[in-house]
Amino acid sequence: MKGQKMLKVVSILLIIASLAVIVVGGLGVKQNILDIKTQKEAEAADANASIDKLEAGIATLESNRAAYEQGKEDLEAGQAQYDAGMKQLEESQAQYDAGSAELAKNTAAYNEGKATYNSGLAQYNAGLAEYNKKKAEYEAGLAQYTAGKAQYDAGIALLNEKTASYQTAKAAVADGKDAYEKILAAGQAQYDAGLEQYNSNAAMLEQAKAAGLLAGDALAEKEALLAEAKKQLDEGKAKLIPYDTVMGLIKEYEDGKAQLDAAAAQLDAAKPVLDAAPAQLAAGKKQLDAASAQLTAGKAQLQEYEAGKAQLDAAAPQLADGKAQLEDAAKQLADGKAKLTEFEDGQAQIDAGIATLKETAGIAAKIDGGMDPVAAGREYLAEQTVITTKELTDRMIVYGAFLLAAVLGFIAAILGAGAAKMPSIGKIKGGILLGVLALVFALGSNVYGFMTAYQDYMLQAVAAGAILVFSILYVIAIFTYKNALVALMTAE
């Protein structure tokens, strides 16, 4: 059958090519990616070590620069400083001795004054506490009085509103319950008659409206008269209060008035006490202020003594420090020479670090262009890291693509060889799908590889090209075989 032998041969070749490409790709991943990554990391570590060495040298140099300059000054002015220090020490010792004598003379007076001050302070604090207590009591009493007065005024206002009703009710029950009940019955009868008359007039008005006898202003006038009559009836009904209810309202009014009268008496009794309190508090505050002024004056005298004593206490260690500084003056000359040597060692370390960095052409160019050596080294390393990462990533993409193409091609070739031996729709479809995928990945690896200079690694470039060529041949062969099968089956 047409294409059967070709598919078988190409499938075998693709199997062999796929295996070879997988081996070459694996070697490429190790040699051209992993090994190079390790090499570049080692180079970066060495370069970082050189930069660290340079930074350490700069730190040493800058830390010793002031000491270097100071050392030269110490060598020239050491003896003059020592003589001036000795003179200052003698003057300070004389001042200290005079101050100690003066302090000893005033110690007894200070102790007596301090005892008096402490006693006065205790009395002042006790008086202040009593004043604060009285003030708090006054403020609480004033707040209570103000609240009570407001409550009383509100009660009086409410009582005044009810006085007229109370007097009317009181007059109504003045002749006793029987007399009131008669008045109530007469009022109820009058209300019932009025209500009956109102209902009759309302019915007549509705009939007149329905018959069209009343309209416009005449109707409005009649409705107004009827509404006024209803209002008078409601007012009359509101006055028809049972005797017991009236007596309850009278008692409620009289009880409220009694409570207000009692509250007025309490307010009248509290007001004189509250009115006198501000003057009493002011007098107490005046006494406390006078005591505070006396305490402040006494404390100032005590502080004057304590300040003198503190100065003497501080002077003693200062004198000792002065003696120690004079003893150290001679040693400073020798220390200055040591600092000079330390500075020069730092300079040598910097020179060595810069020389190491300039062994790399890229860093040397940046330094020669005026860049700080440390910054130049860091920038160069960063640039190389980006370049290396890009190169290795590109290689991994290329290698990954043609390795995947080789795996897919290997599987497709097995299916193609099987279909060539024994025709099978499943094997042919699988072979076509995997073959096309292998071709796509092989083509992609070659295109991307050509764009990223994969020809620098010829063995892997050949492998990528080989898997592309055999994938193309395989796809051509399997499609030729498939078309021949279709033609055969159609002819039958």
Side-chain angles (χ1 to χ4, degrees), residues 52-53 55-129 288-350:
D52 292 342
K53 182 177 180 180
E55 284 184 318
I58 292 173
T60 301
L61 182 68
E62 293 305 320
S63 66
N64 290 330
R65 186 179 299 278
Y68 176 77
E69 299 297 334
Q70 187 62 46
K72 291 192 298 183
E73 294 178 5
D74 290 343
L75 289 172
E76 297 171 356
Q79 187 62 49
Q81 289 178 352
Y82 177 83
D83 293 340
M86 181 60 72
K87 181 180 178 181
Q88 181 64 40
L89 179 65
E90 291 172 352
E91 292 175 355
S92 298
Q93 185 66 53
Q95 293 174 357
Y96 177 80
D97 294 340
S100 296
E102 183 68 21
L103 190 69
K105 184 174 68 174
N106 295 328
T107 299
Y110 167 78
N111 291 334
E112 182 179 353
K114 187 173 184 180
T116 302
Y117 172 80
N118 289 335
S119 175
L121 182 62
Q123 292 176 1
Y124 172 80
N125 289 334
L128 182 61
L288 286 172
D289 291 342
S292 176
Q294 292 176 352
L295 287 171
T296 301
K299 187 175 182 181
Q301 294 177 351
L302 293 175
Q303 288 175 338
E304 183 178 354
Y305 174 89
E306 292 168 352
K309 186 175 184 302
Q311 289 178 353
L312 288 173
D313 292 341
Q318 289 175 357
L319 289 172
D321 290 342
K323 293 177 182 178
Q325 289 174 4
L326 287 172
E327 293 173 356
D328 292 340
K331 184 181 177 182
Q332 289 178 359
L333 297 174
D335 291 343
K337 293 179 181 179
K339 290 178 180 179
L340 292 176
T341 302
E342 183 179 353
F343 181 86
E344 292 165 357
D345 290 345
Q347 185 63 60
Q349 188 175 6
I350 288 176

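- Contacts classified as ring-ring contact (aromatic ring centres under 6.0 Å, His included) and involving residues 306-328 (residues at least two apart or in different chains) are not found.
- In this structure, Asp97 has no salt bridge (charged side-chain N to carboxylate O under 4.0 Å, His left out) partners at least two apart in sequence or on a different chain.
- Remark: Asp83 engages Gln79 in a side-chain hydrogen bond (donor to acceptor under 3.5 Å, both in side chains) (not counting sequence neighbours).
- Considering CG of Leu121 and OG of Ser292, their distance stands at 9.5 Å, rounded to 0.5 Å.
- Taking Glu91 as the reference, Lys87, Gln88 meet the side chain to side chain contact (heavy atoms under 4.5 Å, CB included) condition, with sequence neighbours excluded.
- Contacts classified as side chain to side chain donor-acceptor pair (under 3.5 Å) and involving residues 112-127 (residues at least two apart or in different chains) are not found.
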Distance-only donor-acceptor pairs under 3.5 Å for side chains of residues 299-317, two or more places apart:
{"unit_1": "Tyr305", "atom_1": "OH", "unit_2": "Thr107", "atom_2": "OG1", "d": "2.9"}
{"unit_1": "Glu306", "atom_1": "OE2", "unit_2": "Tyr110", "atom_2": "OH", "d": "2.7"}
{"unit_1": "Lys309", "atom_1": "NZ", "unit_2": "Asp313", "atom_2": "OD2", "d": "3.2"}

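- When every heavy atom of Gln349 is checked against every heavy atom of Lys53, the shortest pair comes out as NE2-O, 3.8 Å.
- Applying the salt bridge (charged side-chain N to carboxylate O under 4.0 Å, His left out) rule to pairs touching residues 98-108 yields Glu102-Lys105, sequence neighbours excluded.
- For Glu76, there are no side chain to side chain contact (heavy atoms under 4.5 Å, CB included) partners two or more places apart in sequence or in a different chain.
- Every residue was checked against the salt bridge (charged side-chain N to carboxylate O under 4.0 Å, His left out) condition with Glu73, not counting sequence neighbours, and none meets it.
- Partners of Leu319 by side chain to side chain contact (heavy atoms under 4.5 Å, CB included), not counting sequence neighbours, listed by chain and number: Leu89, Ser92, Gln93, Tyr96.
- Not counting sequence neighbours, the partners of Glu62 by the side-chain hydrogen bond (donor to acceptor under 3.5 Å, both in side chains) test are Arg65.
- How far CD of Gln318 is from NZ of Lys323: 13.5 Å, rounded to the nearest 0.5 Å.
- With sequence neighbours left out, Asp52 forms a side-chain hydrogen bond (donor to acceptor under 3.5 Å, both in side chains) with Arg378.
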